[in-house]
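Working notes, structure below.
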Amino acid sequence: MQQKSLDEFYRMFKTERHEVTDKAPEVNRIENEEVSKEPLKQIEEEIAPRNLPPSYLVSADYDGARGVVYLKLYEPNSQRIYFWYDNTGHKPYLLTNIPAEDLKKLDRIANHPSLDHFEVIEKYDALHDRMITVTKVVAKDPLAIGGKPKGSMREIIPDDYASTFGKIGEAKVWEAAIKYYQCYIFDRELQPGMLYKIEDGELRPYRHEETEKNIRKIVEGLAKEGEKDFLPYMEDWARLLEYPAPKMRRVALDIEVYSPIATRVPDPEEASQPVICASLVDSEGKKRVLLLRRPGVEEGDMNLPSDVSVEFYASERDLIQVIFSALDNYPFVITFNGDDFDLNYLYHRAKNLGFARSDVPIYRDQNTCSLRYGIHIDLYRFFLNRSIQVYAFGQKYRNATLDEIARAILGKSKIELTKSPSELSYGELARYCLNDAELTLELTSYNDDLVMKLLMALTRISRMPMEDVSRQGVSKWIRNFIYYEHRRRNILIPNSEDIISVKGMTVTRARIKGKKYMGAIVVKPIPGVHFNVAVMDFQSLYPSIIKVYNLGYQTVRCPHEECRDNIVPETTHWICKKHRALESALIGSLRDLRVKWYKPKAKDKTLSSEQRNWYNVIQSALKVILNASYGVFGAEIFDLYCPPAAEATAAIGRSIITQTIDKARKLGIEVIYGDTDSLFLKNPTPEQIKMLSEWAERALGMELEVDKYYRYAVLSSRKKNYLGVLEDGSVDVKGLTGKKRHIPLFIKRYFDKIEDILSHVKTPAEFEAAKREIERTIRECYMKLKNREWGDINDLAFEVVLGKMPEAYDKTTPQHVKAAFLLRAKGIEIKAGDTIRFVKVVKEPFVKPVQLATPKEIDVDKYVSYLRSTFDQILDALNLEFDEIIGLTRLEQFM
DNA sequence: ATCTATGGCAAGCCGA
DNA sequence: TCGGCTTGCCAT
């Protein structure tokens, strides 16, 4: 943990009192400045005030020098961050089953310099459904509990108990791996992202009466008979989600660094080269470009937009000083890859230039850079998050690069460079760097500050500091709010190995080799063109199962004999009938709120657009959490990993979909396809749909609804492969090769044409004309290829992402890896995550990176056969033959 | 340090 | 030559 001290901060604050101007400041740095006591008090009053109007709790951390947790609060009117230091005497601790008198016999504990005291407390042990007595070992500082390489109490207690008492493996410790500030949040039931005020030095939650009324309305409206135990959870969630989010004043920062080798970015840990440019773009519209004067650099076109202030600095030190001033002035600082590069570089560069530690406003630990004043959000880390990428942004971008994300989300791109930043004129450099900072800011401001609000919503749900939420994954978010609930209810937080040893592993066998248990059912499709298809699905199937069937680590294979008859189908697991699992209550209530309140409200036209926008943010945040809520049970990295719970969820899902298909057939409905939670019904009557839906509610306790109607659906014989035309003519294409991202643009364009033709078909009669048109299209595509008239060779490139370093492919050498090696031979740097663009060529090794290939090398026949397999997926459902279309006779096919 | 899950398809590699 | 296996991309 970084040692952070308020005193250091005072020094900064004092030097920051003067306004930051747009001109280069005169540098007048005073080393080891003496700070007198009197002004200190005044400054403390300003940054850690005894009274503060309602402000948003955005962060918590530990101040090593003071030995207490401090909070960062964002006051929305002054748009400043204020600090609050713990005054409750809260201290870090762990729990152990070893009685205090035995702990006192362990020398390294009894004489531990940081030991504070022991307490005897009672906790509820959910794994065994009993109260237990544990010793709370309280320490003076968090590192004494854990986090040091060795000598932490969490290691000493089991080790020394074993050696002193000769009882190996008997001493247990709990709750010793929770970050101290997080522990503090739990114990004080703090709600990050929510409003607090400070009154005479005391921190108090602030309640907004109008919003509170709304919350009561929601809870009353959604409460159902028989789900009374959900009410408190619903109310807590609704409060977190209903309170509005503030405008967050922020600045985006991007820097450019000189590099003697054009293709290499300087190592931030060494920081051997000067910072030559920096851009600061803020949420109020202020734009600054800071340039370092260097000999021999051309001016270039310095005619930047009039709202941009361009500032030249003769000394790099001055330039960095100005950046640091900005970092000390904004409550939120946004970067793209600032953890790894920009802030990291500035930190080390400042060190190299001889800045005093207290003049550097950046803290570094492991992989992150934080700020002494504000909140640093690294958008790269946020957009890299898989669940954000998939569920919040619908996989619009594939690689988390600024260029690709900006293109996908903003429709804007980075400025393309033909030379390295070091070789640019001032004008070019300024434009390039400014553009990056503008894109970075815009990624947080587009769509009415969607990303900032999403972060705020996730901060509240996960009950984590905003910096952590933006950097950690969904499994940590989910873990955290479940932990929070444990503490609140005095439930012992179990160790992962305890869950495994009590609950055991899975009992079913997966269909796929290497998987841990059996998953979902996919119904074999009936191939062909089907008109009037209703797609019904269970809304949030897995979260619903977790809710309705009371799943959680404490309820699956619970300790009660009397629950053993409550069996999960196709397994030997049973589920508790006596207690409600925390996961079931938390995930279940979130699901209900999303389905019954936030999704409808996000579309409610009677609400203001700001209100709708916020509800849309909330429903997206919930979607991200809910979609992962089942998966985490089956993920080893999840701290409440419980394979039988994951397995039970999937097993119940199979049972539900199977029963529903049976019921549909009994009702005389033809089921032509289904996957996991959906059913494709051919030409059902409204009555049939209603009966099926009511049956599901009655018999299964699950909500089954029509998701959409297809005018018609084209099913092939393959699972997860179909095409459906909606009533408005838009087309859903699922799983077909023609839509996959790695295939050549040349083929994709023709596939899109066919999709367009199909979207215009309304009746079976129109189908014949459409078929002829499809044939024409395919023939054209084929002829273009045969005649080598594809135009740009780039359009023939397959684009495949390297899953790992090229040399790590030890089993096989796929084509994109072969191409990667060719690139590397040309001196191009290749690493995991790179997209390799290659074409198929006639000569060995039959592939070539598109950059190195010429048109005459292209293996046309390979492309034709690729064309065939791609279009066959649609053609066989339409009763067409690729070879007949392209005019091959039967005889020719054999030659 | 970081990381939800399983099912399914197409293509290509590679050993029997 | 065949079939199992690896890989990447996608569905849910």
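Protein chains get the first letters and strands the later ones, always in sequence-line order, with residue 1 at the start of each.
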Side-chain N or O of [X] closer than 4.0 Å to phosphate OP1/OP2 of [N]:
X: A:Tyr809; N: C:dG8; answer: yes
X: A:Arg471; N: B:dA1; answer: no
X: A:Lys818; N: B:dC13; answer: yes
X: A:Lys720; N: B:dG8; answer: no
X: A:Lys840; N: B:dG12; answer: yes
X: A:His816; N: C:dT7; answer: no
X: A:Arg381; N: B:dT2; answer: yes

Hey, are [X] and [Y] close enough for a salt bridge, meaning a charged N less than 4.0 Å from a carboxylate O?
X: A:Arg749; Y: A:Asp752; value: no
X: A:Asp876; Y: A:Arg718; value: yes
X: A:Lys843; Y: A:Asp859; value: no

Cationic tip of [X] above [Y] ring, under 6.0 Å, 45° of axis:
X: A:Lys818; Y: A:Phe838; answer: no
X: A:Lys804; Y: A:Tyr809; answer: yes
X: A:Lys503; Y: A:Tyr553; answer: no

Which one, [options], comes nearest to the side chain of [X]?
X: A:Gln815; options: B:dG12, B:dC9, B:dC3; answer: B:dG12
X: A:Arg718; options: C:dG8, B:dC9, B:dG8; answer: B:dC9
X: A:Lys734; options: C:dC9, C:dT6, C:dT12; answer: C:dT12
X: A:Thr813; options: B:dC14, C:dC9, B:dT2; answer: B:dC14
X: A:Thr812; options: B:dT4, B:dC13, C:dA11; answer: B:dC13
X: A:Val800; options: C:dC9, B:dG8, B:dT4; answer: C:dC9
X: A:Tyr630; options: C:dA11, C:dC10, B:dT6; answer: B:dT6
X: A:Tyr517; options: B:dA11, C:dT7, B:dA5; answer: B:dA5
X: A:Lys719; options: B:dC9, B:dG7, B:dA10; answer: B:dC9
X: A:Asp677; options: C:dT12, B:dG7, B:dA11; answer: C:dT12

To the nearest angstrom, how far is [X] atom [atom1] from [N] atom [atom2]?
X: A:Ile512; N: C:dC5; atom1: CD1; atom2: P; result: 14 Å
X: A:Phe382; N: B:dT2; atom1: CZ; atom2: P; result: 16 Å
X: A:Tyr722; N: C:dC10; atom1: OH; atom2: P; result: 15 Å
X: A:Arg654; N: B:dA5; atom1: CZ; atom2: P; result: 17 Å
X: A:Asp339; N: B:dA1; atom1: CG; atom2: C1'; result: 13 Å
X: A:Phe798; N: B:dA10; atom1: CZ; atom2: P; result: 15 Å
X: A:Ile836; N: C:dT7; atom1: CD1; atom2: C1'; result: 14 Å
X: A:Arg364; N: B:dA1; atom1: CZ; atom2: P; result: 13 Å

When we call it a touch if two heavy atoms are under 4.0 Å apart, what does [X] touch: a base, just sugar-phosphate, or nothing?
X: A:Tyr866; value: sugar-phosphate
X: A:Ala646; value: nothing
X: A:Lys515; value: base
X: A:Ser869; value: sugar-phosphate
X: A:Gly519; value: sugar-phosphate
X: A:Lys524; value: nothing
X: A:Tyr391; value: base
X: A:Val801; value: sugar-phosphate
X: A:Glu636; value: nothing
X: A:Lys476; value: nothing
X: A:Lys804; value: sugar-phosphate

Should we count CZ of A:Phe882 as having more than 12 external heavy atoms under 6.0 Å?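 Buried by this count: over 12 neighbours within 6.0 Å.
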
After noting the C-alpha distance and the side-chain angles of A:Thr835 and A:Asn399, does the key distance pass the side-chain hydrogen bond (donor to acceptor under 3.5 Å, both in side chains) rule? CA-CA 8 Å; A:Thr835 301; A:Asn399 300 314; 3.0 Å; yes

Specify the residue among A:Ala510 and A:Ala628 whose closest nucleotide of DNA chain B lies further upstream toward the 5′ end.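 It is A:Ala628 whose nearest nucleotide is closer to the 5' end.
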
